[in-house]
2 protein chains.
Amino acid sequence: MEEQEHSLGGRVFQKIREDILSGKYEENDELRENTLGKEMGVSRTPVREALRQLELEGLVRIIPNKGAYVTGISHKDIWDIYRLRSVLEGICARWAVEHITEEQLNELEETILLSEFQMKKGSGFHTEQVTALDGRFHAVLYEASGSRILSHVLTDFHNYVRVARKSSILSEERARRSIREHKQILRAIWDRDAETAEQLANEHIMHVMQNLKRQGYEEE
Amino acid sequence: MEEQEHSLGGRVFQKIREDILSGKYEENDELRENTLGKEMGVSRTPVREALRQLELEGLVRIIPNKGAYVTGISHKDIWDIYRLRSVLEGICARWAVEHITEEQLNELEETILLSEFQMKKGSGFHTEQVTALDGRFHAVLYEASGSRILSHVLTDFHNYVRVARKSSILSEERARRSIREHKQILRAIWDRDAETAEQLANEHIMHVMQNLKRQGYEEE
DNA sequence: ACCCGAATGATTGTATACAATTATACAGGG
DNA sequence: CCCTGTATAATTGTATACAATCATTCGGGT
């Protein structure tokens, strides 16, 4: 989607978001414009823009004339996102059946093939690559829904849970199953079987949730 | 939620958003920082912040070193939002059954009573008031879901379709039905009947969609 | 000792200045 | 006539300066 942000403001935005999501800051930590600016060697202006954007994303709470404070995301937030994603990814797959292009179908297949290739390397496979491919698969699917709105929401969710996602594919067992499920989803879309596509995509996320549950992201 | 923005940046943000949503600008119109600033009597700084935020909301597309362009929202976007809302409002009502507080229940009842009071005035009822109360009802329900995430998404959606919503309650017939449906939803939540609450909230939005369809917001 | 208040310092909000990039206009050559 | 290269203007990107608001500290009074 929006790839490399070569503007300073964009980089600052991504940097702070990354730091919040990765847990560098505590809840309610105060983010001072001057401090952040000096840390990254830029002036306050790009920092301010970034903080205002982060507020809109819900990662920062700004109190006028006072300061910006880290909101962070709780385990419940992540759990909620997955509960919603399981429904929305189902809808996404359903809509994709009617809107997906040849090119997108091929791209989905390609990510699957590349993923399998990575996994063939045995237990020493590169987590980075596999998670990136997983992200790519879903991103293409979002686009294929033909809905700017749905794609936007799901992309946001995807960014939010990036941290959790990383730890979710850690197990080789889960990674293999995930790819198998991607294949099934692609197959259903290819066959223009909306019902099955929705159900499979739905279950796909549910399986990830079961995995998360084992890692402490429990329900409430 | 976020009430009065007394900061300049906040006001500029809301003003531009309002102008985009109300159709003051055409698709792909270029938004020049200097021009906008002079129009509202402020400098470029608050305008820039506003534009960056609007980009995140998807209402503006920014091309680095080039400019900001209006994205606007199509009829399909609005339609998609309602399709998603019908599902998400259902989920919201379901979750609210478990999380709603006494206070929130009372507030929901109050908005209904006030709405009925407005409608009693006969055909000369105030559209402004009724739409505001409708918005209030849903806002409280979003909060009551107990999910920051879900509330955030639904609030965003709600803002997006503000224009369409206005025209959707125009008919007195629809307004009365809407209030009746709100009453039923509240009743189901009060009775802690998650199944019914979800279904009613779902259908509530569907009915609004049927109304929109008649007004040209057709499916694709 | 405790409380209140003015003065000081720190931080945000906004405006302006300057640098970098992009669009436009124009002149010259093919 | 059109195409191209360069100079000029316009616009965005960033930094800095100044104003407004909030926090803190210190001194006087009770």
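Predicted model, so just to flag it, every value in this text is computed and none were measured. Note that these values count all heavy atoms, side chains included, but never hydrogens, waters or copies made by symmetry. A, B, ... follow the sequence lines: proteins, then strands. Residue 1 opens every chain.
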*Asks:* The criterion is side-chain hydrogen bond (donor to acceptor under 3.5 Å, both in side chains); which residues satisfy it with B:E39, sequence neighbours excluded?
*Replies:*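 B:E39 satisfies side-chain hydrogen bond (donor to acceptor under 3.5 Å, both in side chains) with no residue once adjacent residues are dropped.
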*Asks:* List in chain and number order the residues that pass side-chain hydrogen bond (donor to acceptor under 3.5 Å, both in side chains) with A:R61, two or more places apart in sequence or in another chain; answer none if no residue qualifies.
*Replies:*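 Applying side-chain hydrogen bond (donor to acceptor under 3.5 Å, both in side chains) to A:R61 gives none.
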*Asks:* Whole-Å distance between C:dT21 P and B:I62 CD1?
*Replies:*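 Rounding to the nearest Å, CD1 of B:I62 and P of C:dT21 are 18 Å apart.
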*Asks:* Is there a side-chain polar atom (N or O) of A:T45 under 4.0 Å from OP1 or OP2 of D:dT14?
*Replies:*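 Answer is no, no contact under 4.0 Å.
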*Asks:* Using the ring pair (Phe, Tyr, Trp, His ring centres under 6.0 Å) rule, collect all pairs that involve residues 32-62 of chain B, keeping only residues at least two apart or in two chains.
*Replies:*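 Ring pair (Phe, Tyr, Trp, His ring centres under 6.0 Å) check on residues 32-62 of chain B returns no pairs.
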*Asks:* For A:L51 and C:dT12, give me the distance from atom CG to atom P, rounded to whole Å.
*Replies:*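 After rounding, the reported distance stands at 9 Å.
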*Asks:* CD of B:E49 versus C1' of D:dT14: gap in Å, rounded?
*Replies:*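 The answer, rounded to whole Å, is 13 Å.
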*Asks:* Nearest whole angstrom, please: distance from the P of C:dT11 to the CG of A:D29.
*Replies:*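 Atom-to-atom, A:D29 to C:dT11, this comes out as 15 Å.
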*Asks:* Which is true for A:L31 with a 4.0 Å heavy-atom rule: it touches a base, it touches only sugar-phosphate, or it touches nothing?
*Replies:*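 Touches sugar-phosphate only.
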*Asks:* For A:E33, check side-chain contact (heavy atoms from CB on, under 4.5 Å) against everything at least two apart and list the hits.
*Replies:*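 Result, side-chain contact (heavy atoms from CB on, under 4.5 Å) vs A:E33: A:R44, A:V47, A:R48, A:L51, A:R52.
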*Asks:* Give the stems involving DNA chain C, where a stem is 3 or more consecutive Watson-Crick or G-U wobble pairs (i with j, i+1 with j-1, and so on) under 3.5 Å.
*Replies:*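 Expected stems, ordered by start: C:1-30 with D:1-30.
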*Asks:* Pairs of donor and acceptor atoms involving the side chains of residues 109-117 of chain A, under 3.5 Å and at least two apart or interchain, shall be tabulated with distances.
*Replies:*
unit_1	atom_1	unit_2	atom_2	d
A:T111	OG1	A:L108	O	2.8
A:S115	OG	A:T111	O	2.7
A:E116	OE2	A:K183	NZ	2.8

*Asks:* Indicate the atoms forming the closest heavy-atom contact of B:H152 with A:G58, along with that distance.
*Replies:*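 Shortest heavy-atom contact: NE2-N, 4.5 Å.
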*Asks:* Among the nucleotides D:dG13, C:dG13, C:dA15, which one has an atom lying closest to any side-chain atom of B:P46?
*Replies:*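 Within the option list, the nearest is C:dA15.
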*Asks:* Without decimals, in angstroms, what is the distance between A:R44 CZ and D:dA17 C1'?
*Replies:*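 Between C1' of D:dA17 and CZ of A:R44: 10 Å.
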*Asks:* Quick one: is B:R52 getting a side-chain N or O under 4.0 Å of the D:dG13 phosphate, OP1 or OP2?
*Replies:*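 For D:dG13, OP1/OP2 do have a side-chain N/O of B:R52 under 4.0 Å.
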*Asks:* Taking only distance into account, with no hydrogens and no angle test, what donor-acceptor pairs under 3.5 Å do side-chain atoms of residues 64-74 of chain B form with protein atoms, sequence neighbours excluded?
*Replies:*
unit_1	atom_1	unit_2	atom_2	d
B:K66	NZ	B:Y69	OH	3.4
B:S74	OG	B:K76	N	3.4
B:S74	OG	B:D77	N	3.1
B:S74	OG	B:D77	OD2	3.3

*Asks:* Describe, in one word, how the ring planes of A:Y142 and A:H158 are oriented to each other, choosing from parallel (under 30°), tilted (30 to 60°) and perpendicular (over 60°).
*Replies:*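 Perpendicular.
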*Asks:* Could you pull out all residues at least two apart from B:V97 that satisfy side-chain contact (heavy atoms from CB on, under 4.5 Å)?
*Replies:*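 Once residues adjacent in sequence are excluded, the partners of B:V97 under the side-chain contact (heavy atoms from CB on, under 4.5 Å) criterion are B:I189, B:R192, B:A194, B:A197.
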*Asks:* Of the candidate nucleotides C:dA15, D:dT12, C:dG13, which contains the atom at the shortest distance from the side chain of A:R48?
*Replies:*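 Selected nucleotide (nearest to the side chain): C:dG13.
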*Asks:* What pairs of nitrogen or oxygen atoms, one from the protein and one from nucleotides 6-11 of chain D, lie under 3.5 Å apart?
*Replies:*
unit_1	atom_1	unit_2	atom_2	d
D:dT11	OP1	B:R32	NE	3.4

